[in-house]
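Just below is one structure, and these are the notes that go with it.
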Amino acid sequence: MILKKYISDLRVYEPGRPIEEVARELGFEDIADIVKVASNENELGPSPMAIEAMRESISEMHRYPDGGAFYLKKKLADNLDVAPDQILFGAGSNELIVFLGHVFLEKGTNLIMGAEAFAVYFLVAALYEAETIRVPMPEHAHDLEGMLAAITSETRLVTICNPNNPTGTMVSPAALDQFIERLPDHVVAVIDEAYFEVMPEEQKPDVLKHIRAGKRNVILLRTFSKAYGLAGLRIGYAVAHPELITQLNKVRQPFNVSTMAQAAAMAALDDITHIVETREMVESGLRYYEQELAAMGLETVPSGANFILVKTGRGREVFQSLQERKVIARPMDPYGLPDHIRITIGTPEQNRIVIAALKEVLG
Ligand SMILES: Cc1ncc(COP(=O)(O)O)c(C=O)c1O
């Protein structure tokens with residue numbers, strides 16, 4: 001067989017390791033006490049209302065889903081104060097990033113991203129033979145001026161992950177407004193707000209106001225995988241000008257989002273209590289980690305998301321030693337941060353287990 005050369009050169013994304021896989025590899029018989037803090041999932045689980053909606057949808061599983069997600073689109077559009085034709089759903093926001101690559105990237109074009117930002121951006125760029133321009137991130141934060149300065153006539157997409165995965169840093173709302181206003185017309189700004197629901201209120205930018213005002217080259221990405229606790233169902237959404245949504249819709253497979261995912265997302269949007277509890281868990285968990293890690297003499301990066309980046313030294317070794325103690329964290333060498341690990345904020349009990357394991361590992 002003869003593969004396309006650029007495909008055979010691609011690296012495979014290393015996701016957070018599933019609990020069962022680690023248990024098989026390390027011979028753990030009991031998986032109940034394994035703590036996974038590797039993928040920024042919601043340790044409270046899905047909203048009880050979403051679980052009920054999923055149960056109710058089971059008897060309809062012989063039918064294809066509504067590819068247009070009519071009811072969910074309508075509900076979300078009302079919530080966000082945009083029109084339904086400004087929304088597109090994907091099998092997770094990852095799929096929406098692939099749509100963006102499909103529509104905008106090819107050989108000779110480039111995508112601009114922060115050097116320590118979400119890996120999927122450059123993996124998708126590579127998938128379409130586009131170049132990735134990585135802009136350094138001083139103090140692990142996006143340098144919006146640097147990103148604007150990096151734009152060339154071949155630039156098609158600039159991605160801003162806010163808060164940034166894996167560093168947790170945020171851009172200031174005013175700086176983001178200015179960035180959007182100064183962006184040249186030939187470039188689309190992709191604002192990835194995967195962790196929006198758990199961000200501190202005063203740090204939340206209003207990207208939607210630009211989209212409502214008719215800005216054509218801004219797209220907002222959000223997901224039900226994080227605060228909403230539905231990562232296993234695979235559903236995320238994009239909000240943009242209707243013209244941009246129409247173009248992206250052309251590369252979407254007709255049934256990319258399942259009936260169950262649509263039902264769960266509808267219910268999750270109504271479950272305000274679940275989101276409030278999630279935010280409280282994340283806020284108090286972040287404070288706990290900051291205190292404990294500082295007391296251990298470890299450097300952390302202030303985070304606006306449901307995870308924290310910690311400088312432990314020898315990140316991959318620490319990750320492996322934690323794994324032997326039934327804690328699955330995330331090594332950060334793929335992000336050029338070999339001395340760091342990333343830890344998802346869990347329940348208070350899980351957080352205590354992680355800190356105890358880390359104390360053992362680091363002596
Ligand atoms: C910044 C960011 N964007 C997008 C995603 C993709 O999430 P999903 O495809 O589950 O919606 C993630 C998941 O880790 C993320 O951290």
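When a ligand or atom number is given, it counts from 1 through the structure's own listing order.
With rounding to the nearest 0.5 Å, the separation of NZ in Lys311 from CG in Leu337 is 9.5 Å. Atoms CG and CG, from Leu221 and Asn162 in turn, are 12.0 Å apart once rounded to the nearest 0.5 Å.
Screening residues 32-51 for salt bridge (Lys or Arg N to Asp or Glu O under 4.0 Å) gives Asp33-Lys326, Lys36-Glu41 as the qualifying pairs, with residues at least two apart or on separate chains. The stretch residues 349-363 participates, sequence neighbours left out, in these salt bridge (Lys or Arg N to Asp or Glu O under 4.0 Å) pairs: Glu292-Lys359, Arg325-Glu360.
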For residues 184-192, tabulate all N or O donor-acceptor pairs below 3.5 Å that involve a side-chain atom, not counting sequence neighbours.
residue: His186; atom: NE2; partner: Thr152; partner atom: O; Å: 2.9
residue: Asp192; atom: OD1; partner: Ala194; partner atom: N; Å: 3.2
residue: Asp192; atom: OD2; partner: Tyr121; partner atom: OH; Å: 2.7

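With Tyr195 as reference, Asn40 is the one residue of Thr223, Asn40, Asn306, Asn164 to meet the side-chain hydrogen bond (donor to acceptor under 3.5 Å, both in side chains) rule.
For ligand 1, the protein residues placed under 4.0 Å by at least one non-hydrogen atom are Gly92, Ser93, Asn94, Phe118, Cys161, Asn165, Asp192, Ala194, Tyr195, Thr223, Ser225, Lys226, Arg234.
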